[in-house]
Amino acid sequence: MDFRYKKDYLKCFDHYPREEKELIVSTDKQIRDYYVNHSAPYGLRIKKLYQDGKDKIFEARVSDRIRVLWVETIGWVVFTILGNHDEIKNYLKRLK
């Protein structure tokens, strides 16, 4: 499985303070471990939000205020956006 990051994801990451960046990096590692070991800690709360053919959109919890959204497709995991619940919801509305 190859992991990629969209520019929007990286821009969002740059705007967070150092402490939250550390949480995001830790969550990123847990998501990668999820694809290797096929298990995740309960606190990560991975949810499949949407599936369109081979593409699946997932969300995980970084903290009570921050979510990470990624797309899983054949051989790829693309980290798409970071944000709060409303930002993720608005992003998904734009996709449909």
Side-chain angles (χ1 to χ4, degrees):
M1 191 71 63
D2 288 325
F3 298 91
R4 299 284 185 244
Y5 299 87
K6 287 201 164 206
K7 287 181 184 179
D8 289 341
Y9 181 93
L10 297 173
K11 282 181 186 178
C12 291
F13 179 80
D14 288 340
H15 292 292
Y16 284 102
R18 192 181 117 256
E19 297 82 21
E20 289 180 335
K21 283 182 181 178
E22 290 173 2
L23 288 173
I24 293 166
V25 169
S26 174
T27 301
D28 179 88
K29 183 182 179 325
Q30 291 175 354
I31 292 168
R32 288 171 176 259
D33 289 345
Y34 168 74
Y35 282 98
V36 173
N37 302 326
H38 302 290
S39 67
Y42 176 73
L44 195 57
R45 296 203 178 161
I46 293 175
K47 294 183 208 173
K48 182 167 71 171
L49 301 177
Y50 182 73
Q51 183 170 355
D52 182 21
K54 298 173 187 169
D55 297 338
K56 300 174 191 170
I57 298 176
F58 290 91
E59 175 190 64
R61 188 172 91 166
V62 175
S63 68
D64 59 339
R65 296 184 310 123
I66 304 170
R67 304 286 188 266
V68 59
L69 187 94
W70 72 93
V71 177
E72 176 190 326
T73 190
I74 298 174
W76 292 87
V77 171
V78 181
F79 291 93
T80 308
I81 193 166
L82 285 166
N84 62 33
H85 180 74
D86 292 334
E87 291 168 333
I88 297 295
K89 190 168 126 180
N90 291 336
Y91 180 82
L92 290 171
K93 281 182 183 179
R94 286 183 278 155
L95 288 178
K96 294 181 182 181

Which residues share a side chain to side chain donor-acceptor pair (under 3.5 Å) with Q30, sequence neighbours left out
none
Separation of I81 CD1 from I57 CD1 (nearest 0.5 Å):
11.5 Å
Taking S26 for its side chain and E22 for its backbone only, find out whether a donor-acceptor pair lies under 3.5 Å.
no
For atom NZ of K47, is the number of surrounding heavy atoms from other residues, nucleotides or ligands below 6.0 Å larger than 12?
no
Got a second to check how far L49's CG is from K89's NZ, nearest 0.5 Å?
12.5 Å
Ring pair (Phe, Tyr, Trp, His ring centres under 6.0 Å) filter on Y5, not counting sequence neighbours, yields Y9, F79
Please identify each residue that fulfils salt bridge (Lys or Arg N to Asp or Glu O under 4.0 Å) with R45, with sequence neighbours left out.
none
Give the other cluster members for I74, using side-chain heavy-atom distances under 4.5 Å between Ile, Leu, Val, Met, Phe, Trp and Tyr residues; answer none if it is isolated.
none
List in chain and number order the residues that pass side-chain contact (heavy atoms from CB on, under 4.5 Å) with Y34, two or more places apart in sequence or in another chain; answer none if no residue qualifies.
A40, I46
Table please: side-chain donor-acceptor pairs of residues 64-71 below 3.5 Å, with sequence neighbours left out.
residue: R65; atom: NH2; partner: E20; partner atom: OE2; Å: 2.2
residue: R67; atom: NH1; partner: S63; partner atom: O; Å: 2.8
residue: W70; atom: NE1; partner: Y35; partner atom: OH; Å: 2.9

State, to 0.1 Å, how close V78 and T80 come at their nearest heavy-atom pair, and which atoms those are.
O-OG1, 3.1 Å
Applying side chain to side chain donor-acceptor pair (under 3.5 Å), name anything that partners Q51, two or more places apart in sequence or on another chain.
K48
Checking N84 now: which residues fulfil side-chain contact (heavy atoms from CB on, under 4.5 Å) with it, not counting sequence neighbours?
D86, E87
Could you work out, with side-chain contact (heavy atoms from CB on, under 4.5 Å) as the rule, every residue matching N37, not counting sequence neighbours?
D33, S39
